[in-house]
There are 2 protein chains.
Amino acid sequence: MKVPPEVVESRLERFMGVAAQAGLKLTHQRLVIYKELARTGEHPDAETLFRRVRKKVPTISRDTVYRTLWGLQELGLVETLGHPGRQVRFDANLDKHHHFVCTRCGKVEDVYAPEFDRLSPPGRVKKLGRVERIAVELRGVCADCAGKERVGRKGR
Amino acid sequence: MKVPPEVVESRLERFMGVAAQAGLKLTHQRLVIYKELARTGEHPDAETLFRRVRKKVPTISRDTVYRTLWGLQELGLVETLGHPGRQVRFDANLDKHHHFVCTRCGKVEDVYAPEFDRLSPPGRVKKLGRVERIAVELRGVCADCAGKERVGRKGR
DNA sequence: GGCTTGAATCGGAATAATTCCTAACTAAGA
DNA sequence: TCTTAGTTAGGAATTATTCCGATTCAAGCC
């Protein structure tokens, strides 16, 4: 779950580069938010990040967190994911990868699978639009939730 | 976009069967909601269905629509989908298929691709949990949105 | 180091989507 | 027909997210 320091470092460098390129001001808030996201592999949602970041910058506002995250995704520095109807989750991992999503608790785990990376859109979709990314989602019930299966039901 | 009558018919039959099996009462509301979903291929969200259904049952409440839809998905009669951060969309099409999702407007189109159906989870995910379905999502910009590309921006 | 200025932030209000609550209703079985 | 457990209506509540106006601040310039 914890991202190795050298990976965090390289993500940060990319962030600095892309941000400068885009003419963004390097505010304390932006840096703290990006760092917090870059150092975790848990695909947190905005509220979770807000709570974590607030420990370091107690006056930060939710709006700033949301605005920054969507801004980062527009720059291609983070990806959004999540199960429909649940909160958006954010991911600073730009390596080719896919996800296992628990349909009960919403947890997301990275899945690396070259055979998924190799997929290409069937010819017919060309007329629907331009495909930018192929995301494979393995949906199911995570080990934790499977354990609780017949207890507290009523999931979502 | 319109589902052929004989397909609607067979969906309805399955609905009746599964509902009876599950011991659900066959209420007018449930039937109307399911029919409305079964007859369209547009993957509508709950609000859209609510508006359509209200034309036939003017006193129906949003809650009933939501409750019914999630109930149907629990029974495996509908699938939920959509892009994170947008509304949940519902789909009564249970044939093996995948989706093209427009990241600008949220529109979803069905994609049939046997090569996607054949995928199987990489061995490693076994320890993460039980995979129930593999969903391939082609994300990009639909033809409509591509047209408007440099006009009204700001879409999210 | 001090100015200037447009971008960025704060924080609370507003909105959108969804769920909760409970009194009233109704399908289905006896 | 009677009973009753499941279901619904409708408005309130909750949750996630965005908006907005006043204030602050990063960064280029002197």
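All figures in this text were calculated on a predicted structure; none of them were measured in a lab. So that the names make sense, note that chain A is the first sequence line, chain B the second, and so on, each numbered from 1.
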Heavy atoms from other residues, nucleotides or ligands near CZ of B:Arg67 exceed 12 (cutoff 6.0 Å): yes
Side-chain N,O (A:Trp70) to OP1/OP2 (D:dT17) below 4.0 Å: no
Nearest-angstrom distance from the residue atom CZ of A:Phe50 to P of C:dC10: 9 Å
Options D:dT8, C:dT18, D:dA26, nucleotide nearest the side-chain atoms of B:Gln87: C:dT18
Sugar-phosphate, base or nothing in reach of B:Arg30, heavy atoms under 4.0 Å: sugar-phosphate
Heavy-atom closest pair, residues B:Phe116 and A:Ser120: CZ-O, 3.7 Å
B:Ile33 CD1 to D:dT7 C1', straight-line distance once rounded to whole Å: 11 Å
Option passing side chain to side chain contact (heavy atoms under 4.5 Å, CB included) with B:His43 (candidates B:Lys107, B:His99, B:Glu109): B:His99
Mutual orientation of the aromatic rings belonging to A:Tyr34 and A:Phe15 [parallel < 30°, tilted 30-60°, perpendicular > 60°]: parallel
Earlier contact from the 5' end, DNA chain C, for A:Thr64 and B:His28: A:Thr64
Crowding at CD, A:Gln21 (>12 non-hydrogen neighbours, <6.0 Å): no
Nearest-nucleotide pick for B:Thr59, side chain only, options being D:dA9, C:dT18, C:dC10: D:dA9
B:Arg67 CZ - C:dC25 P separation (whole Å): 16 Å
D:dT24 OP1/OP2 closer than 4.0 Å to side-chain N/O of A:Gln29: no
Whole angstrom value for the distance that separates P of D:dT15 from CZ of A:Arg62: 12 Å
A:Leu69 CG to C:dA8 P, straight-line distance once rounded to whole Å: 15 Å
Contact under 4.0 Å: A:Thr27 side-chain N or O vs C:dT9 OP1/OP2: yes
First of A:Val57 and B:Ala46 reached from the 5' end of DNA chain C, by closest nucleotide: A:Val57
Phosphate-side-chain proximity, B:Ser61 and D:dG10, N/O vs OP1/OP2 below 4.0 Å: no
Distance in angstrom units between B:Arg54 CZ and D:dT8 C1', rounded: 16 Å
Nearest-angstrom distance from the residue atom CD1 of A:Ile60 to P of C:dC10: 5 Å
Closest nucleotide among D:dA9, D:dT7, C:dC10 to the B:Lys25 side chain: D:dT7
A:Tyr66 side-chain N/O to D:dT18 phosphate OP1/OP2 under 4.0 Å: no
Length of the CZ-P vector between B:Arg51 and C:dT18, whole Å: 12 Å
